[in-house]
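Side-chain atoms are counted along with the backbone in the values below, which use heavy atoms only and exclude waters and symmetry mates.
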Amino acid sequence: MRIVMAAVDGVFDSGLSAIMDVLGAANSLSTRDGGAPPFSVTVIGAGPQVRTGNGLSLATVPVGELPHGTDLLLMPAVGFKAPDQVVAAVREPANAWLLDLAVACATSGTPLAAACSGTFFLAESGTLERRRATTSWWLGPAFRARYPGVAVEDSRTLIQDGPVTTAGAAFAHIDLALWVVQRRSPALADLVARYLLIGDRPSQAAFALPTQLAQADPLMAAFERWARAHLADPPPLAEAARTLGVSQRTLQRTAQTVLGRSPLEFIQDIRLDEATFLLRTTTLSAEAIAGRVGYRNVSTLRELVRRRRGSSLETLRHGGADAPAEYPPPS
């Protein structure tokens, strides 16, 4: 399988190397018994070298010398950047070659893949239009605002929609690389995962920070603060809308546009975040914590944790199978 990785100045060092390492491990494991390496990787750029996000020089094949017969065009992320910096990188004239290449590959039927902020390049090229895609959870609001024609499911770690595959935040580059191996051989992918200790991360939801997501929009930021102040005895959404000076329809529409979920679903995110925080920082019983986050029955909270986190209250209390809880913002 001939894979082309497109690198621009500021490329995410570990994203690029994680993909190379996973594919390199797959080649090594495949050739132990004398077989041929199943993957060849060519890193291309606008010229003969690019500078990574951490300032390292990386030799690249100039895009004009790209060999024929590419089986997959893959775009890693650009550093660890804020949404406006990602958009600036995508719009940088020096990176226009990558947008043109993505369009040319899509037109010729070559599959495309990207991870983290690299998904913005595919969206900017138009190759994600009317497709399902994921991206880094904290870039979701900016992605939705700039590319309304893309159906963003940013709770997912990896999504394949036809010939285009996208992966989520930072180390989802590993998931994307393993997906490439799995396309060739599920058995080899399993072997690589075992050797490299790659775990299952089907969802980014456990890592998303509600307060961070809400900052993308003033109304959502105000709604997030309102929700946290009323978790124990949540009044109806109509009261939230009145307090914030908007209609319920506006609140619903803004939440869906910015966050990709309803206000009630976002409140559930906040409840889970607060419950995880209390589990890890207090000795309160599960029943008391359920009451503090608005549930009369602890079984309701248990089911929500199981469904949304694939975990249990006991596991969260001991710091496993989830990301660290977000500390509540100062009042």
Is there a donor-acceptor pair closer than 3.5 Å between any side-chain N or O of [X] and the backbone N or O of [Y]?
X      : Y      : answer
Asn297 : Ser299 : no
Asp161 : Val164 : no
Thr127 : Leu122 : yes
Thr60  : Gly47  : yes
Thr276 : Leu272 : yes
His173 : Ala170 : yes
Ser136 : Leu139 : no
Gln85  : Ala82  : yes
Arg280 : Leu316 : yes

Report whether [X] and [Y] are members of the same hydrophobic cluster (ILVMFWY, side-chain heavy atoms less than 4.5 Å apart, transitive linking).
X      : Y      : result
Leu313 : Leu284 : yes
Ile19  : Leu196 : yes
Phe277 : Leu279 : yes
Leu56  : Leu16  : no
Phe39  : Ile198 : yes

Apply side-chain hydrogen bond (donor to acceptor under 3.5 Å, both in side chains) to residues Thr250 and Ser247 and explain how you reach the verdict.
CA-CA 5 Å; Thr250 296; Ser247 67; 2.9 Å; yes
For atom [atom1] of [X], is the number of surrounding heavy atoms from other residues, nucleotides or ligands below 6.0 Å larger than 12?
X      : atom1 : result
Arg146 : CZ    : yes
Arg307 : CZ    : yes
Arg249 : CZ    : no

Would you please test Val180 and Arg184 for side-chain contact (heavy atoms from CB on, under 4.5 Å) and show each step?
CA-CA 7 Å; Val180 173; Arg184 179 64 179 254; over 6 Å; no
Does some side-chain heavy atom of [Y] sit less than 4.5 Å from a side-chain heavy atom of [X]?
X      : Y      : value
Val192 : Val22  : yes
Pro235 : Trp226 : yes
Glu92  : Val8   : no
Leu213 : Pro141 : yes
Met220 : Gln215 : no
Asp154 : Arg144 : yes
Arg261 : Gln268 : no
Val78  : Phe12  : no

Should the pair Arg271 and Tyr295 be classed as cation-pi, given the thresholds of under 6.0 Å to the six-membered ring centre and 45° from the axis?
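Positive - Arg271 is close enough to the ring of Tyr295 and near enough to its axis.
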Salt bridge (charged side-chain N to carboxylate O under 4.0 Å, His left out) for Asp71 and Arg183? Distances and angles first, verdict last.
CA-CA 12 Å; Asp71 295 315; Arg183 289 182 66 200; over 6 Å; no
Between [X] and [Y], which heavy-atom pair has the shortest distance, and what is it?
X      : Y      : result
Ala18  : Ile174 : CB-CG1, 3.9 Å
Ala142 : Pro83  : CB-CB, 3.6 Å
Pro210 : Ile270 : CB-CG1, 3.9 Å
Arg2   : Gly69  : NE-O, 2.7 Å
Val298 : Ala286 : CG2-O, 3.6 Å
Ala77  : Ser117 : CB-OG, 3.3 Å

Quick one: do Val4 and Leu73 satisfy side-chain contact (heavy atoms from CB on, under 4.5 Å)? Show the steps, please.
CA-CA 5 Å; Val4 169; Leu73 175 65; 3.9 Å; yes
side-chain contact (heavy atoms from CB on, under 4.5 Å) evaluation trace for Thr134 with Val152
CA-CA 5 Å; Thr134 188; Val152 184; 5.9 Å; no
What distance separates [X] [atom1] from [Y] [atom2], expressed to the nearest 0.5 Å?
X      : Y      : atom1 : atom2 : result
Leu98  : Ser125 : CG    : OG    : 8.0 Å
Leu128 : Tyr147 : CG    : OH    : 9.0 Å
Asp269 : Glu265 : CG    : CD    : 8.0 Å
Leu29  : Asn27  : CG    : CG    : 9.5 Å
Ser262 : Arg253 : OG    : CZ    : 15.0 Å
Met1   : Thr70  : CE    : OG1   : 10.5 Å

Are Trp138 and Phe80, when compared by the centres of their aromatic rings, separated by less than 6.0 Å?
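Yes: the rings meet the under 6.0 Å criterion.
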Set out, in order, the CA-CA distance, both residues' side-chain angles and the distance that settles salt bridge (charged side-chain N to carboxylate O under 4.0 Å, His left out) for Arg292 and Glu287, then state yes or no.
CA-CA 9 Å; Arg292 286 201 179 193; Glu287 290 76 10; over 6 Å; no
Worked verdict on Thr254 versus Thr257 for side-chain hydrogen bond (donor to acceptor under 3.5 Å, both in side chains):
CA-CA 5 Å; Thr254 304; Thr257 300; over 6 Å; no
side-chain contact (heavy atoms from CB on, under 4.5 Å) between Trp179 and Leu176, worked out:
CA-CA 5 Å; Trp179 166 83; Leu176 183 59; 3.9 Å; yes
Would Glu224 and Thr211 count as a side-chain hydrogen bond (donor to acceptor under 3.5 Å, both in side chains) here? Give the steps.
CA-CA 7 Å; Glu224 191 263 348; Thr211 298; 2.7 Å; yes
With side-chain hydrogen bond (donor to acceptor under 3.5 Å, both in side chains) as the test, would you mind laying out the steps for Asp13 and Thr52 before giving the verdict?
CA-CA 6 Å; Asp13 295 61; Thr52 71; 2.7 Å; yes
Do Asp233 and Arg296 sit within salt-bridge range, that is, some charged N less than 4.0 Å from a carboxylate O?
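No, this pair does not count.
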Salt bridge (charged side-chain N to carboxylate O under 4.0 Å, His left out), that's the test. Do Arg317 and Glu314 meet it? Break it down for me.
CA-CA 5 Å; Arg317 167 147 269 167; Glu314 292 72 21; over 6 Å; no
Do Thr315 and Ser312 have side-chain N/O donor and acceptor atoms under 3.5 Å apart?
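Checked: Thr315/Ser312 side chains pair up, N/O donor to acceptor below 3.5 Å.
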